[in-house]
Amino acid sequence: MLVSLAVLAASMTSLFLGMRAVMEIGGSCASGGPYVIAQECPEGAGTAMMAGFLGMTLAAGTFVFAAWRLGYAGVLLLGWPALFLSLGWNFFEYGVSPAEGQEDSGDFIFCGVLFAIMGGAPLLGFLALQPRRFAALFWPSPPSPATGRSAERDERPRRRRRVSSFTAREIERLAALHREGALTDDEFKRAKEKLL
Amino acid sequence: MSPRAVMLVLMALSIAGGILLGMVFYDAVAS
């Protein structure tokens, strides 16, 4: 789980840096092929971005698989805002102050706004959750050994109440039988001990 | 320190380590 989380962070960093390299030269580039290329890609940027995409997808899947039973899979939800806000920041930065020799482009700012909304809205949604539920994303209750589910999800307190009222009723019934003489002192004592 | 706090710290360290790893990786492929 920790390894996949590290790979996920590494992939996102690689994607982020690869994107910055492309933004540095105007946001589009090409390499190879039979056409005349107006703008060659920065060396390694394509590899970094491809590796970033692939690594991110694989690491996210592995992380969810590994973290699900431990109850930490919710951490991945923060990956979405992290991805969109970081890439949106790149758009903003190069939109507001274009790289040297590049034209001022409103398109980048538009993309930045779009990414900020896509990344920021879910993050605000998480923050708007009740603090307890938000904390539960990162602070899961330990899984109960019987069901493997988190203790919050199973209804143990309710069940316990049900069980205790059942026990009380049984003891009342036994006490009534004892009073009527159907059960001896010893039998009543043993039956009561068994119930408790 | 509870096991959950330890796990949270480990996850934060993983993310930090991953970011460094990503930077090293990028430097390696870009140069």
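Order of the sequence lines sets the chain letters (A, B, ...), proteins ahead of strands, with each chain counted from 1.
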Checklist entry - Where does A/M1 contact chain B at under 4.5 Å (heavy atoms): side chain, backbone, both or neither? => result side chain
Item to check | A/A51 portion near chain B, given a 4.5 angstrom heavy-atom threshold | outcome: side chain
If two hydrophobic side chains count as joined below 4.5 Å and joins carry through other members, does [X] share a cluster with [Y]?
X     : Y      : value
B/L8  : B/L10  : yes
A/M19 : A/M118 : yes
A/F16 : A/F84  : yes
A/M49 : A/L58  : no
A/L2  : B/V9   : yes

Nearest atoms (heavy-atom pairs only) where [X] meets [Y]:
X     : Y     : answer
B/Y26 : A/A21 : OH-CB, 3.0 Å
A/A48 : B/V29 : CB-CG2, 4.0 Å
A/L17 : B/G22 : CD1-O, 4.5 Å
B/G18 : A/T13 : O-OG1, 4.3 Å
B/M7  : A/L70 : CE-CD1, 4.3 Å

Item to check | Those residues that, when tested against A/W80, pass side chain to side chain donor-acceptor pair (under 3.5 Å) (two or more places apart) | outcome: none
Item to check | Counterpart residues, side chain to side chain donor-acceptor pair (under 3.5 Å), relative to A/E93 (two or more places apart) | outcome: A/R20, A/W89
Item to check | Hydrophobic cluster of B/V24, others only, ordered by chain and residue number, side-chain cut-off 4.5 Å | outcome: none
Item to check | Atom pair CD1/OG of B/I19 and A/S11 - distance to nearest 0.5 Å | outcome: 11.5 Å
Next on the checklist: Are there residues of residues 174-188 of chain A whose heavy atoms fall under 4.5 Å of chain B's heavy atoms? If so, which?
Outcome noted: none
